[in-house]
**Student:** 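Next up is a structure, given as structure tokens.
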Amino acid sequence: QEESISNWLHFYKDVIVINTDDGKEQIFRVAIAYQLEQIIDKNKTETWKIVPVSNGQVSKGQVSIYFPAEKEKSGLRFHIHAPFASTVARDVVRSCDENDKLLDHIADLIVESLELIKSQGLLTLEFLAVLPNNTDELGDFYKPIREKIIHQFKYRLLTPTKYGDYSSARFLYQSSPTISNLISNKDLKLLINDEYAEHADWVANARQRNSREDKFLDS
């Protein structure tokens, strides 16, 4: 009975899917939505951060087919939409080639969104809590999303470093703040001393061990 306002970062695009029955091309719209939370610091400055979708005390991303598919559980912490083929009751996504193709397009859209999120200053260490990690219980249908996201963080300049920059996760090292404060980036490169040493850097430290951010970095 209470009025509430929520804020979202919304990405969408039109994609082409070929029907496996008749070979005809169809244009469909896929979309994702990340939940935003407003922050007001001690100087009264307003900023935003992306947070896991919350439904009361439960974090649960929703799957929509123009309407919520109530019984469909993705295991994601953000919402996704596509005109999936569903069961007669319209509450579960069916298993078929067309749906697999739509999910691939959603995964691609998520990957594209990462660069835009980074450019807006929203790709922070906290944002990693929104992304699926290897301990999340995703349905088999949604696991390709996690695989594509982790691959992007491994090979593109997306992972936050200790000194506020971004690097490819495959070049980053993790330790306690005590060690990373003692050993500078320059010394780290000297210690690594291999063909990739020039790229070596410290990853940003998660707020605590086994947090969602930490589990994503481990993944």
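It should be emphasised that the depicted structure is a prediction, and the values quoted were computed from it without experimental measurement.
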**Student:** Answer yes or no: does atom CD of Glu137 have more than 12 heavy-atom neighbours from other residues, nucleotides or ligands under 6.0 Å?
**Tutor:** no
**Student:** Just wondering, more than 12 heavy atoms not from Gln208 lying within 6.0 Å of its CD?
**Tutor:** yes
**Student:** Between the main-chain N or O of Lys215 and the side-chain N or O of Ser219, is there a donor-acceptor pair closer than 3.5 Å?
**Tutor:** yes
**Student:** Heavy atoms, side chains only, cut-off 4.5 Å: are Thr159 and Ser168 in contact?
**Tutor:** no
**Student:** Quick one: do the Asn181 and Lys162 side chains pair a donor with an acceptor below 3.5 Å?
**Tutor:** yes
**Student:** For the pair Thr161 (side chain) and Asp165 (backbone), establish whether a donor and an acceptor sit closer than 3.5 Å, ignoring hydrogens and angles.
**Tutor:** yes
**Student:** So, the side chain of Ser74 versus the backbone of Leu76: is there a donor-acceptor pair under 3.5 Å, distance only?
**Tutor:** yes
**Student:** For Asn43 and Thr45: C-alpha separation, side-chain torsions, deciding distance, then whether side-chain hydrogen bond (donor to acceptor under 3.5 Å, both in side chains) applies.
**Tutor:** CA-CA 5 Å; Asn43 298 318; Thr45 302; 5.2 Å; no
**Student:** What distance do Lys186 atom NZ and Leu191 atom CG have between them, rounded to the nearest 0.5 Å?
**Tutor:** 12.5 Å
**Student:** Does the side chain of Asn205 come under 3.5 Å of the side chain of Gln174 through a donor N or O and an acceptor N or O?
**Tutor:** no
**Student:** Salt-bridge test for Glu70 and Arg90: reply yes if a basic N is under 4.0 Å from a carboxylate O, no otherwise.
**Tutor:** no
**Student:** To the closest 0.5 Å, what do you measure between OG (Ser167) and NE2 (His199)?
**Tutor:** 8.5 Å
**Student:** Any salt bridge between Arg207 and Glu213, counting N to O under 4.0 Å?
**Tutor:** yes
**Student:** Does the distance from a Lys or Arg side-chain N to an Asp or Glu carboxylate O, for Lys189 and Asp201, drop under 4.0 Å?
**Tutor:** no
**Student:** Centre of Phe127's six-membered ring, under 6.0 Å away, within 45 degrees of the axis: is that where NZ or CZ of Lys49 sits?
**Tutor:** no
**Student:** Only counting residues at least two apart or in another chain, list the ones meeting ring pair (Phe, Tyr, Trp, His ring centres under 6.0 Å) with His105.
**Tutor:** none
**Student:** Closest heavy-atom contact between Ala206 and Leu125?
**Tutor:** CA-CD2, 3.5 Å
**Student:** Restricting to ring pair (Phe, Tyr, Trp, His ring centres under 6.0 Å), what partner residues turn up for Trp48, sequence neighbours left out?
**Tutor:** none
**Student:** Could you tell me whether Tyr66 atom OH has more than 12 heavy atoms of other residues or ligands within 6.0 Å of it?
**Tutor:** yes
**Student:** When you look at NZ of Lys154, are more than 12 heavy atoms from neighbouring residues, nucleotides or ligands closer to it than 6.0 Å?
**Tutor:** no
**Student:** Stepwise, does the ring-ring contact (aromatic ring centres under 6.0 Å, His included) test hold for Tyr12 with His81?
**Tutor:** CA-CA 9 Å; Tyr12 63 89; His81 160 79; over 10 Å; no
**Student:** Can you confirm whether Lys13 is buried at NZ, in the sense that more than 12 heavy atoms of other residues, nucleotides or ligands lie under 6.0 Å from that atom?
**Tutor:** yes
**Student:** Taking Lys60 for the side chain and Lys73 for the main chain, is one N or O donor matched with an acceptor at less than 3.5 Å?
**Tutor:** no
**Student:** I'd like to know if the side chain of Tyr34 and the backbone of Arg77 have a donor-acceptor N/O pair within less than 3.5 Å.
**Tutor:** no
**Student:** Around atom CD1 of Ile39, are there more than 12 heavy atoms from other residues, nucleotides or ligands closer than 6.0 Å?
**Tutor:** yes
**Student:** Just by distance, with hydrogens left out, do Asp91 and Thr87 show a side-chain donor and acceptor under 3.5 Å apart?
**Tutor:** yes
**Student:** I would like to know whether Tyr173 and Ser180 meet side-chain hydrogen bond (donor to acceptor under 3.5 Å, both in side chains); could you show each step before the answer?
**Tutor:** CA-CA 9 Å; Tyr173 289 81; Ser180 60; over 6 Å; no
**Student:** Hey, what's the ring geometry for Phe141 with Phe84, parallel, tilted or perpendicular (30° and 60° as the breaks)?
**Tutor:** perpendicular
**Student:** Hey, is the main chain of Asp136 close enough, under 3.5 Å, to the side chain of Arg146 for a donor-acceptor pair?
**Tutor:** yes
